[in-house]
Amino acid sequence: PLAGVTVQFVSADSTSGRGFSSQTDSAGRYSIDAMLPGAYLAGFFRIDYDTLGLESGLRRIEVRSGAQRIDLATASATTVIRSLCPGSEPDSTGLLIGHVRATGSGDPISGASVLVEWSETIIGGRFFTERTPRIVEQTTGPGWFAICDLPGDVVMSARAAHGADSSGYIDIEVPRDSLRHVTFFVGGAASVQLRRASSTGSRDTAQVSVLRGEARLTGTVRDGEGRPVGNARVAVWGTGLEAETNDRGGFVLDSLPGGTHTVEVRAIRREPSRRVVHLAAHRPATTEMVIGARTTVLSSVTIRGELVYSRNLEAFEARRSDGWELVGQFLGPAELAKRPGARLGELMQVIPGVTVQNQRGEILVRMRGNGSSTCTPSLYIDGMRDVVADFSSLRSDQLAGVEVYARDTWRPFEFIDSNECGAIVVWTRPAAAKVKKD
């Protein structure tokens with residue numbers, strides 16, 4: 001049953017086009033009284049189903065005197081998936097469908113890119129590997145897109161981009177054997193390069209790419225019982241901007257990028273909360289966030305662990321202690337633990353001599369070449385060069401160490417190749433760690 005749908009009957013023969021309408025209840029039922037007998041064009045409309053492409057279409061109905069039952073329906077999700085995604089397995093995959101529109105006007109954007117990515121663990125024998133599949137689709141004339149064969153019931157990240165402008169990332173989940181509709185707004189977001197102190201403790205600074213604009217967001221943070229939550233931290237993903245709520249739970253964030261973005265609120269001993277917002281420079285937005293319940297604080301437990309290093313990571317520590325830090329940057333387990341879940345490209349944002357850019361939803365890592373131009377550094381994973389150099393495929397939780405050499409001439413001998421650029425060397429975490437609890 002479809003609740004909140006507007007059902008319309010319009011005279012099919014009369015030039016006056018006289019119409020009748022009603023709205024469905026929670027069970028999908030509707031009722032229209034005092035209709036005159038005759039021929040009508042019948043259909044229903046709801047904004048999310050219409051943009052989804054699931055509108056019922058018009059039916060010619062002969063209305064008689066007295067009570068009459070007329071059922072209206074859309075195609076099922078399975079029918080839509082089989083129509084748009086021939087060859088798919090609808091019992092295990094889902095379909096993401098929607099539109100990309102211009103911020104403010106709502107006009108559809110043709111030729112925009114929609115990117116969806118997620119994490120997968122592949123188990124083979126005694127080993128397992130992690131990877132981050134990505135799918136990119138282009139919108140057609142009415143700003144419409146459809147992405148097939150997405151894993152069902154998996155949290156994925158998605159964003160839209162058009163030219164140099166883009167939305168922020170949002171989390172989405174597509175049900176198995178079903179579909180999900182998302183509308184992205186793009187416009188009013190500019191990539192700004194900021195300088196941030198390096199996390200390695202040196203006096204150097206690094207360039208960080210963030211999204212900024214002229215939009216404003218105000219709102220209130222409350223708990224599950226409606227009480228305001230003070231001292232909560234509210235941030236918009238990808239902007240580097242955050243605010244703290246006052247005693248009434250209120251907050252204000254300025255200089256935000258336009259378009260679709262994710263707002264996250266965190267507070268001590270509470271589960272974080274996220275919400276998708278649509279921002280525009282000419283229309284200040286407001287939202288009310290409900291933060292999660294208080295988390296249970298466990299009694300203290302002493303953990304004695306032994307991190308199991310591979311021989312490769314021994315070489316990492318050897319270079320770190322032999323003076324290679326004079327020309328390279330080293331991120332060990334302690335530094336990586338400060339950025340849980342961060343992608344490799346995002347980790348590079350705080351490294352001097354490295355520039356990170358977001359272009360059409362993809363992370364680009366650049367260094368200075370031998371001349372005045374920039375170049376893409378070589379990527380080594382556990383000592384082997386990865387010619388694809390995908391800086392989004394690895395996350396900090398999978399890494400035990402990272403070495404960054406910003407110039408070609410600064411590389412250790414074992415990481416020299418034909419690429420006249422710098423190199424980024426990563427060492428993945430071991431498959432197991434020995435841990436015992438007192």
Testing the 3.5 Å rule here: is there a donor-acceptor pair between the side chains of [X] and [Y]?
| X | Y | result |
| --- | --- | --- |
| E137 | S113 | no |
| T260 | H278 | yes |
| T287 | R275 | yes |
| R366 | T376 | yes |

For [Y], does its backbone N or O pair with a side-chain atom of [X] as donor and acceptor, under 3.5 Å?
| X | Y | answer |
| --- | --- | --- |
| R212 | T239 | yes |
| S167 | V186 | no |
| H261 | V236 | no |
| T245 | V229 | yes |
| S166 | A161 | no |
| T24 | V5 | yes |
| S191 | L211 | no |
| N231 | N246 | no |

Would a 4.5 Å heavy-atom cut-off, applied to side chains only, mark [X] and [Y] as touching?
| X | Y | value |
| --- | --- | --- |
| P151 | W118 | yes |
| L217 | T286 | no |
| L95 | I147 | no |
| S396 | L347 | yes |
| F184 | I109 | no |
| L399 | L331 | no |
| F145 | V100 | yes |
| F185 | L279 | no |

Closest approach of [X] to [Y] (non-hydrogen atoms, all atoms of both residues):
| X | Y | value |
| --- | --- | --- |
| P108 | P142 | CB-O, 3.0 Å |
| V290 | S273 | O-OG, 3.0 Å |
| G94 | V174 | CA-CG1, 3.6 Å |
| S26 | A3 | CA-CB, 3.8 Å |
| P228 | G249 | CB-N, 3.8 Å |
| A189 | G258 | CB-O, 3.8 Å |

When you look at CD of E173, are more than 12 heavy atoms from neighbouring residues, nucleotides or ligands closer to it than 6.0 Å?
-> yes

From [X] atom [atom1] to [Y] atom [atom2], the distance as rounded to the nearest 0.5 Å:
| X | Y | atom1 | atom2 | value |
| --- | --- | --- | --- | --- |
| D223 | I291 | CG | CD1 | 9.0 Å |
| N419 | L379 | CG | CG | 11.0 Å |
| L150 | I135 | CG | CD1 | 5.0 Å |
| T355 | M348 | OG1 | CE | 12.5 Å |
| H99 | H181 | NE2 | NE2 | 6.0 Å |
| D382 | T428 | CG | OG1 | 3.5 Å |

Would you verify whether the NZ or CZ of R159 falls within 45 degrees of the ring axis of Y169 while also being under 6.0 Å from that six-membered ring's centre?
-> yes

Residues passing the side chain to side chain contact (heavy atoms under 4.5 Å, CB included) test with V252, sequence neighbours excluded, are R216, T218, D254

Are V182 and I172 close enough, and set up right, to give a side-chain contact (heavy atoms from CB on, under 4.5 Å), and what steps lead you there?
-> CA-CA 9 Å; V182 175; I172 60 170; 4.1 Å; yes

E403 and side-chain contact (heavy atoms from CB on, under 4.5 Å): which partner among W427, Y380, W324?
-> W427

Test: [X] and [Y] ion pair at under 4.0 Å:
| X | Y | result |
| --- | --- | --- |
| E117 | R343 | yes |
| D171 | R274 | yes |
| R320 | E335 | yes |
| R319 | E317 | no |

Kindly state each residue pair satisfying salt bridge (Lys or Arg N to Asp or Glu O under 4.0 Å) with at least one member in residues 386-399, sequence neighbours excluded.
-> R134-D390

May I have the step-by-step check of side-chain contact (heavy atoms from CB on, under 4.5 Å) for T220 and R222, ending in yes or no?
-> CA-CA 6 Å; T220 305; R222 302 183 182 277; 3.8 Å; yes

Determine, stepwise, if the pair D417 / R411 fulfils side-chain contact (heavy atoms from CB on, under 4.5 Å).
-> CA-CA 10 Å; D417 51 50; R411 304 193 203 184; 3.0 Å; yes

Could you tell me how the ring of Y405 sits relative to the ring of F330: parallel (under 30°), tilted (30 to 60°) or perpendicular (over 60°)?
-> perpendicular

Check the pair V136, V114 against side-chain contact (heavy atoms from CB on, under 4.5 Å), reporting the backbone distance first and the verdict last.
-> CA-CA 6 Å; V136 181; V114 179; over 6 Å; no

